[in-house]
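Order of the sequence lines fixes the chain letters, A, B, ..., with proteins taken first and strands second; residue numbering starts at 1 for each chain.
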Amino acid sequence: MAAIQLTFPDGNVKEYDAGVKPIDVANGISKSLAKKSVSAKLDGHYVGMNDEIPASGQFELITTDDAESLDILRHSASHLMAQALKRIPKFANMHFGVGPYIENGFYYDTDNGAGNQVSVDDFPEIEAMMHKIVKENLPILSHEISREEALKTFANDPYKVELINDLPEGEKITVAVQGDHVELDKGGLVPSTGWIKHFKLISVAGAYWRGDSDNHMMQRIYGTAFWKAADLEADLQRRAEAKERDHRNIGRDLDLFFTSQEVGSGLPVWLPNGATIRRQVERYIVDKELNNDYLHVYTPVLSNLNLYKTSGHWDHYREDMFPPMDMGDGEYLELRPMNCPSHIMVYKHKPRSYRDLPMRVAELGMMHRYEKSGALTGLSRVREMTLNDGHTFVEPEKLEDEFKSILKMMMEVYEDFNITDYRFRLSYRDPKNTEKYFDDDEMWEKSQAQLKRAMDDLGVDYFEAEGEAAFYGPKLDVQTKTALGGEETLSTIQLDFLLPERFNLTYVGEDGKDNHRPVMLHRGIVGTMERFTAYLIEMYKGAFPTWLAPLQVEIIPVNLGAHGDYARKIQKQLQDAGLRAQVETKDAKMGYLIREAQTKKVPYTLVLGDEEMGQDNVTVRRYGQKATETISMVDFMKEIQADVARYSRVD
RNA sequence: GCCGACGUAGCUCAGUUGGUAGAGCACGGGUAUCGUAAACCUGGGGUCGGAGGUUCGAUUCCUCUCGUCGGCACCA
């Protein structure tokens, strides 16, 4: 008998006879480890827990202590769900696509034919069937089969057949068998269905087969699973709380903005409170840019359509642009979908010299995009938006320096807003789909390498993504998470060698020749005011830092008649100092007014009565605290000014 | 745009064999003038998203349409 060396999670190495099964190995070690072992890998590839181990190779057990085990559990849960569905008569003939684990759970793409879709109302029945199969504790067996066998096994599942046919010739095909259910599967599963105890189906939604909108749409059933009941409970709790954090809900509760059918879809109206937050952000970022040698301009939201034909945007994004306005004399005007051509016109207005470069043009530029109806979401995806836009025109050899200086400014801004949860994405073109992009392989190779080099020089962490570039060049995107877990781009820096060509931009070099071509950098630091505000709302859960808060100080006179004048005097002092303060004139009990100030998340609430009036004092209650403190107005003024100054510095 | 669900007062939501609607909060009026998370009384407010159809009669059933939500696709 050949002996095989097995390395265990605790580092121990033991010898076993070949032919032993991982599940026996796990059981043989110790009771505690056996309970924790969920899957096994041989030479880095998953093997079934119930399969025999061959005579050679490096073997490792994966236990519930490993983060990977949660993926294995969820992957197994998706199979469990598929098996349950097949056992329910009305889903007996359901076809299945793919059923992977994802970040917060798993899904399975299903197709039960038109008119027979799965609905959330079916979830209890499906879950009950899943629990039944868990009780049966069916062993999950994994083994290799031939292509012919595979095609025979899945003959009734056209999606699976397509997947099998797409596997390269010679590729190993493995299946996972649990009782009467067979899955096309690469492995990474729990030993038996009894391991999957704590799960919940979450939602059902449409999804194109293989992610292609030309393909048939399937029903994607989402679920999640955990090892412990408490973890599942906590996760469901988190999902519920995320809704409270959703900027659309807070926006309504705090009167920040609204959208209405009368105004139009994707066209939010900013109410005074939301407008204040936005104004603060706008003042901040414009000041910041002016201090970084940006030239702020105003350019029209409406321009000649030819501008976008020249830039190439018309060709690439016509579907998502508002239709041109035919002015009747051969001229077509277009609501601009982006600001670059406008800023290019600023550059082109006069001959430029290398001494003028880098030239940084910036604007809070309003633009319009006809986003598809299904994409519209609150403030984060809209049809009219104002971008904190900027374009730098730079000598090619200074490109990396300029890139780094923009990134530096971006990180300073993030610090001022306390934004810490983000990651950098280097967005390259999709090498398999190059017709979407400007056709110049050398340019792409070079600029993508430049981008990467600049990031490496700075020693900043990033990840790379193919197919995320703009048509004119690669970019650095800053990816953040929304309350509901979606990822979106907040800021971006884009390299552009194309538009300077298209618009024939030049500058006079040191050599006196006027045929030098600048490079362009497109950048948005806080992105669009809409999306950035949405992000801030969710990040702060509506409890804004004082410098951003719509109302900073709520003043409550104990008795409006007796203390109203004093309240208005205090308000005046605060307003003269540039602060946003309001005297509450509603004739209600104090408890009511305090409650209102707290639910509106006002940073400071002042209560003024006999005890304060004589001594020029205020009694202050800070947001989120129950405690109150009576201090002099002078001290309060110092406190709030320090509070505001801490965030609103521009350097 | 696609698949599914939903659309009743400003907001959150009730409203079943089809007989033109109700609560709480909010808002207006009144009483009380109150020291840190909801005083009490009272009033107004709805073409039940819109259009068409079936019916003696539609918030309810059907069709279309607009919008919202969950995803997918898209995102310069």
Side-chain angles (χ1 to χ4, degrees), chain A residues 107 109 111 114 117-121 202-222 243 246 248-249 252-253 255 258-266 308 311-321 336-341 367 369-378 380-381 385 387 389 436-437 468-473 475 477 484 486 488-489 492 494 496 498-499 522 524 531 556-563 586-599 605-612 619-621 625-628 630:
Chain A
Y107 67 76
D109 284 345
D111 180 3
Q117 278 101 342
V118 187
S119 99
V120 289
D121 299 335
I202 303 290
S203 62
V204 57
Y208 295 108
W209 167 237
R210 304 197 121 176
D212 187 337
S213 57
D214 290 336
N215 284 344
H216 186 253
M217 185 156 265
M218 307 182 71
Q219 275 64 55
R220 178 168 294 178
I221 307 173
Y222 287 90
K243 285 194 184 120
D246 190 318
R248 290 165 295 190
N249 294 331
R252 185 193 59 235
D253 293 343
D255 290 312
F258 69 89
T259 52
S260 81
Q261 221 167 326
E262 291 98 313
V263 177
S265 202
Y308 311 107
S311 70
H313 287 91
W314 176 249
D315 279 344
H316 276 268
Y317 299 108
R318 191 180 313 189
E319 294 302 307
D320 296 314
M321 287 166 67
R336 71 172 169 203
M338 94 303 296
N339 310 308
C340 7
M367 50 202 207
R369 296 180 182 175
Y370 193 73
E371 300 286 2
K372 306 254 192 330
S373 58
L376 301 172
T377 307
S380 41
R381 198 79 183 269
M385 67 216 89
L387 181 64
D389 210 352
K436 260 178 79 180
Y437 306 93
E468 296 291 345
F471 73 84
Y472 48 69
K475 53 185 179 145
D477 292 317
L484 298 179
E488 53 185 24
T489 303
T492 181
Q494 309 175 353
D496 183 1
L498 176 63
L499 294 189
H522 306 237
R531 180 173 291 183
I556 302 176
V558 173
N559 179 301
L560 192 57
H563 313 117
K586 189 185 288 177
D587 191 12
K589 290 183 84 165
M590 185 182 299
Y592 179 91
L593 298 176
I594 293 288
R595 178 174 191 275
E596 206 166 50
Q598 293 298 308
T599 54
T605 304
L606 301 182
V607 172
L608 306 180
D610 289 340
E611 292 168 28
E612 291 77 17
T619 294
V620 56
R621 174 168 171 161
Q625 297 179 19
K626 265 215 145 90
T628 63
T630 302

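- Nucleotides B:rG28 and B:rG67 are separated by 34 Å at their P atoms, to the nearest Å.
- Shown here are the side-chain contact (heavy atoms from CB on, under 4.5 Å) partners of A:Gln598, two or more places apart in sequence or in another chain: A:Ile594, A:Thr605, A:Arg621, A:Tyr623.
- Screening A:Met367, A:His522, A:Met338 for a side chain to side chain contact (heavy atoms under 4.5 Å, CB included) with A:Leu387, the sole residue that qualifies is A:Met367.
- Considering only heavy atoms from C-beta on, A:Ile221 comes within 4.5 Å of A:Val118 through its side chain.
- With sequence neighbours left out, A:Tyr370 forms a ring pair (Phe, Tyr, Trp, His ring centres under 6.0 Å) with A:Phe322.
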If you restrict it to nitrogen or oxygen atoms, what contacts under 3.5 Å exist between nucleotides 5-11 of chain B and the protein, and what is each distance?
none

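- In this view, A:Tyr308 satisfies the ring pair (Phe, Tyr, Trp, His ring centres under 6.0 Å) rule with no residue, not counting sequence neighbours.
- With both ends at atom C1', the span from B:rG7 to B:rA51 equals 16 Å, rounded to whole Å.
- Atom CG of A:Asp111 and atom C1' of B:rC2 are 14 Å apart (whole Å).
- Between A:Arg531 and A:Met385, the closest side-chain pair of non-hydrogen atoms is not below 4.5 Å.
- A:Asp212 and A:Arg210 are not joined by a salt bridge, as no carboxylate oxygen comes within less than 4.0 angstrom of a charged side-chain nitrogen.
- In this structure, A:Gln219 reaches the sugar-phosphate backbone alone: every heavy-atom distance under 4.0 Å involves primed, P, OP1 or OP2 atoms, never a base.
- Distance check on atom P: B:rA21 versus B:rG44 gives 16 Å, rounded to whole Å.
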Pairs under 3.5 Å (Watson-Crick or G-U), crossing ones as [ ], inter-strand ones as |: RNA chain B comes out as (((((((..((((.....[..)))).(((((.......))))).....(((((..]....))))))))))))....
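- Considering every non-hydrogen atom in both A:Glu468 and A:Tyr437, the closest pair reads N-OH, 4.4 Å.
- Taking the P atom of each, B:rG49 and B:rU8 are spaced 6 Å apart, rounded to whole Å.
- With sequence neighbours excluded, the residues satisfying side chain to side chain donor-acceptor pair (under 3.5 Å) with A:Gln494 are A:Tyr472, A:Thr492.
- With sequence neighbours left out, the side chain to side chain donor-acceptor pair (under 3.5 Å) criterion links A:Asp610 to A:His563.
- With sequence neighbours excluded, the residues that form a side chain to side chain donor-acceptor pair (under 3.5 Å) with A:Thr630 are A:Thr619.
- Qualifying side chain to side chain donor-acceptor pair (under 3.5 Å) partners for A:Lys586, counting only residues two or more places apart in sequence or in other chains: A:Glu596.
- Annotation: B:rG50 and B:rG35 have their P atoms spaced 48 Å apart (nearest Å).
- A gap of 15 Å separates the C1' atoms of B:rA58 and B:rG15, to the nearest Å.
- Under the side-chain contact (heavy atoms from CB on, under 4.5 Å) criterion, A:Asp111 pairs with A:His95, A:Tyr159, A:His216, A:Met218, sequence neighbours left out.
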Heavy-atom contacts, protein to nucleotides 68-76 of chain B, under 4.0 Å, summarised as B (base), S (sugar-phosphate only) or - (none) per nt, yield SSBBBBBBB
What one-letter contact string describes nucleotides 27-45 of chain B from 5' to 3', where B marks a base within less than 4.0 Å of any protein heavy atom, S marks contact via sugar-phosphate atoms alone, and - marks no contact?
-> S----BB-BBBBS------
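- The shortest distance between side-chain heavy atoms of A:Leu499 and A:His313 falls below 4.5 Å.
- Taking atom P on both nucleotides, B:rG52 is separated from B:rU42 by 41 Å, rounded to a whole Å.
- For the C1' atoms, the distance linking B:rG45 with B:rC11 amounts to 14 Å, nearest Å.
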